[in-house]
Amino acid sequence: MAALIDADIRKARTLPAAFYRDAVLFERMRERVFARSWQLVDGAERAAARGSVLPFTLLEGCVDEPLLLTRDADGALRALSNVCTHRGNLVCTAAATLQGLRCGYHGRRFALDGRCLGMPEFNGVSGFPSPSDDLPRVQLGELQPLLFAALDPAFGFDDLVTPVRARMGSHLVPDPEGSRVYEIAANWALYCDNYLEGFHVPFVHGELAAEIEYGSYRTELLSWGTLQVAEASAGGDAFDGSRIAAWYFFLFPNTMLNFYPWGLSINVVVPLAVDRTRIVYRTWVADPSRRGKGAGGGLDRVELEDEAVVQQVQQGVRSRLYDRGRYSPSREAGVHHFHRLLTGMLD
Ligand code: FES
Ligand SMILES: [Fe+2]
């Protein structure tokens with residue numbers, strides 16, 4: 001499928017409309033793209049203490065893999081399958097601080113590193129316990145203070161996040177008040193397409209357009225994502241010592257890290273169905289006194305403006321008279337790159 005999108009943006013045509021409306025393709029993307037991607041572990045900061053266990057669902061609503069974050073007595077952090085290797089019960093159903101795990105169905109016990117320690121009524125079972133009775137371990141990636149997990153990643157964590165590392169740090173503090181969940185009647189990739197270009201800003205976001213300098217808006221392509229940089233308009237809020245109003249990182253396939261002088265806004269795009277998408281907002285604050293200012297000021301309003309146009313496009317891609325478009329080389333390089341990465345993973 002990689003051949004669908006020409007490498008030369010001047011020759012390329014955009015994704016066929018079927019990508020946004022075909023349920024079979026949607027299922028293929030769930031397994032080939034999302035089940036093989038790095039996903040944010042929401043609320044991982046709650047597992048800071050030794051002995052913490054924190055059940056979570058990888059990309060809930062899409063990948064839906066039950067996992068368990070554990071921090072052992074030595075402080076080592078791991079992500080394990082939360083499915084008991086006996087008959088499949090969920091091992092842990094609530095966050096706690098424990099010395100070990102015990103399945104609530106028939107009492108199988110595990111260490112916090114996932115090793116099976118034994119269970120009642122299993123005397124005489126040959127070769128028990130063996131490594132196949134341990135809870136499978138999945139990969140973790142740290143991007144302080146954020147944590148990501150992956151079941152079977154198609155690309156390395158560092159290839160995904162290295163360009164973001166300089167922007168992260170312990171100065172970011174989670175703000176539950178800034179959490180939001182939106183649901184829209186549109187395909188997840190339309191939401192990403194829209195995010196990946198600033199082309200629409202003057203048309204769709206009147207107030208945001210006044211905060212940023214459209215002429216200097218730029219997009220850099222990363223191995224597994226993009227970076228968009230917006231400079232502040234005259235008098236607009238910018239990072240100290242610079243003109244930069246926002247750094248917008250897209251981490252393929254569905255994570256957006258938006259840095260503003262006040263802090264970080266994270267959007268996780270969750271494909272629920274071919275034409276239904278959840279967007280989870282998480283907020284980390286660096287400087288509360290700058291909240292509400294600049295390009296990261298009216299995020300709720302900007303979100304609603306984006307949702308309205310993306311839902312309109314979903315109606316458009318159902319048309320019998322539309323299939324594919326073309327890209328603006330100066331303004332849609334990020335969308336083109338995303339389409340290349342996406343089709344490349346479906347071969
Ligand atoms: S399913 Fe866990 S002990 Fe039986
Ligand atoms: Fe937008």
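All ligand and atom numbering here is 1-based and tracks the order in the structure. We number each residue from 1, following the sequence as shown. A quick note: this is a predicted structure, and the numbers were derived from the prediction, not measured.
Counting non-hydrogen atoms of other residues, nucleotides and ligands closer than 6.0 Å to CZ of Arg301 gives a total above 12.
In this pair, His106 and His86 present their aromatic rings perpendicular. The plane angle is above 60°, beyond the 30 to 60° band.
The atom of Asp306 nearest to the Fe ion (ligand 2) is OD1, with the search restricted to N, O or S atoms. Per residue His200, closest N, O or S atom to the Fe ion (ligand 2): atom name NE2.
Near atom 4 (Fe) of ligand 1, less than 2.8 Å away, sit the protein N, O or S atoms His86 ND1, His106 ND1.
Ion pairing between Arg282 and Asp42 holds under the 4.0 Å rule for side-chain N and carboxylate O. Under 4.0 Å is where a charged nitrogen must lie from a carboxylate oxygen, and between Arg291 and Asp237 no such pair does.
Between the Fe ion (ligand 2) and Glu305 there is no N/O/S contact shorter than 2.8 Å.
Judged purely by distance below 3.5 Å, without hydrogens or angles, the side chains of Glu231 and Tyr217 never pair a donor atom with an acceptor atom.
Of the options Leu58, Val280, Val268, a side chain to side chain contact (heavy atoms under 4.5 Å, CB included) to Leu40 is made by Val268 and by none of the others.
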Inset, instruction - Mind running side chain to side chain donor-acceptor pair (under 3.5 Å) on Tyr182 and Asn267 for me, showing each step along the way? - result: CA-CA 10 Å; Tyr182 298 95; Asn267 320 142; over 6 Å; no
